[in-house]
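To start, the structure itself, in structure tokens.
This is a predicted model, so every value here is computed, not measured.
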Amino acid sequence: MRRSLVALALGAALAVAGSASAANIIVLSVDAPGTGLFDPTPAAPVGGNPGTTLGDQRAFVYDYAAQLWGAAIDSPVTIFVAARFTPQGCTPTSGTLGSAGTTFIFRNFANAPVANTWYHSALADALAGVDLNPGFFDISSNFNSRIDDAAQEATCLTGRNWYYGVDHQAGIDFDFLNVVSHEIAHGLGFANFVNEGTGALQSGFPDVYARHTLDLATGLTWDQMTNAQRAASAVNDRHVVWNGVAATAEAPSVLGPRPSVQVLNGAAAGSWEANPAAFGPAISGGGGTTGLVRVADDGVGVTSDACEPLVNAGADNVHGKIVLADRGACNFTVKVANAQAAGAKGVIVANNVDDGTFSPMGGADPSIAIPSMGVSFDLGQELRASTPAVKLILDDSVGAGTEQGMVRLYAPAVVSLGSSISHWDVSANPNLLMEPFITNTLKAGETLDLTPALFEDLGWVLLP
């Protein structure tokens, strides 16, 4: 939406943008006075952020993230980002951190690389060499103000707040720099304009992102498919990849070996892909961590979720074994900490929804000293039935989060509008900035990992 105050600010910014090759990304707040980036609540400087109010600290991180992306991409046209803080969905254990996207899309503009194809506003401007819609924002972004609201501490991600330092020392809090960098990237081009539920294209035309979205089962990219084929592909977990040349070439230097649970005996014997935890020690390579599986029992409610201290501790139960716990009801760190206290040597957390995906295993707890992995619902059921011997291991023969050398896109078995396809898959290791679940292992500012390469595939010119 255009506002008179914003329009004046844009006019001033345009006068100084110049023709520097690095993208000039300007963040402008559209919050009401006294809220969001204008919040006057006193705050002590933290982690390289000199702000002395909540609003100043938020603005500092926003600008910091804008400069990170500005230094990575070439644009002769200033990019304007609308910044907002508003209440968003939240429960004690989960919630929306933020959202962002392009405000306009363009096709068949001057210098468009591909005809009849939609491009994000900022990218279209850069390719055209002019502002195609002057006086308006290119990107709109919105972050959850409930996370910092003391009055909602018990109802919104209990005990966790925004961390406004730029040194990635967030602990259990949410690293705002990582989240803002993630959302700005969506606005710059890391998203399609397809309705994944129906497969429908925007006004019947494909977008440049869809042209690089390949389903390995059909051999078709999304611009070549029918609506029904796209809808089916959107839930084809682990078989939808990004086929761009730049990202594929960059992947081996960014991604490590594939984490897996090797089931050593029984009906489920074989290698099962897994998702390593963002906390605790790293899973080792060839040696791995080997042990018998024992199902968690905390004696309360869903006894296998390990949300309370385990009652089946002791040498004849979980002590020295690998605990199998179900996802849900509490943070992953709580489950692993309870298993560790009972003497377990490792933990496997099985998804509690049969959607083909792995438990994401985010969180932070420096006291955890045993490895843990998230697995699918199917593997959890198999392990529960036979409690075999397993090994948590890294398989260096395959790049984590890849299929046939190309990086997977997030295509869970149940469509998640706004997340499906427009993210890297959660099987990537190490975690990538543009996965759907942000973890504090990310260090935006030190690395933007594979996202610049994907941007190059879209048509952005990268800076050295």
So, [X] versus [Y]: side-chain donor-acceptor pair below 3.5 Å or not?
X    : Y    : result
T117 : R211 : yes
N108 : Y119 : no
S140 : R84  : yes

Non-hydrogen side-chain atoms of [X] and [Y] separated by less than 4.5 Å:
X    : Y    : value
L255 : D449 : no
I139 : I79  : yes
V61  : W162 : no
T86  : F143 : no

Cation-pi, W118 ring and R107 (6.0 angstrom, 45 degrees):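 Geometry flag: set, cation within 6.0 Å and 45°.
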
State whether the side chain of [X] and the backbone N or O of [Y] hold a donor-acceptor pair below 3.5 Å, judged by distance alone.
X    : Y    : answer
N236 : H239 : no
W460 : L188 : yes
T102 : I105 : no

With sequence neighbours excluded, residues passing side chain to side chain donor-acceptor pair (under 3.5 Å) with [X]:
X    : value
N351 : R327, D355, T357
Q88  : none
H168 : D175
D354 : none

Run the side chain to side chain donor-acceptor pair (under 3.5 Å) test on S427 and R408 for me, step by step, so that the C-alpha distance in whole Å, both residues' side-chain angles and the decisive distance to 0.1 Å come before the verdict. CA-CA 8 Å; S427 58; R408 290 174 179 163; 3.0 Å; yes

Salt bridge between R160 and D173, side-chain N to carboxylate O under 4.0 Å?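 No.
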
Looking at residues at least two apart in the chain, or sitting in another chain, which of them share a side chain to side chain contact (heavy atoms under 4.5 Å, CB included) with F437?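 Checked F437 against side chain to side chain contact (heavy atoms under 4.5 Å, CB included); matches are P360, Y410, V426.
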
Give the intermediate values and the outcome of side chain to side chain donor-acceptor pair (under 3.5 Å) for residues S233 and D215. CA-CA 6 Å; S233 180; D215 191 308; 2.7 Å; yes

Listed partners of F332 passing ring pair (Phe, Tyr, Trp, His ring centres under 6.0 Å), at least two apart: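 Residues passing ring pair (Phe, Tyr, Trp, His ring centres under 6.0 Å) with F332: none at all.
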
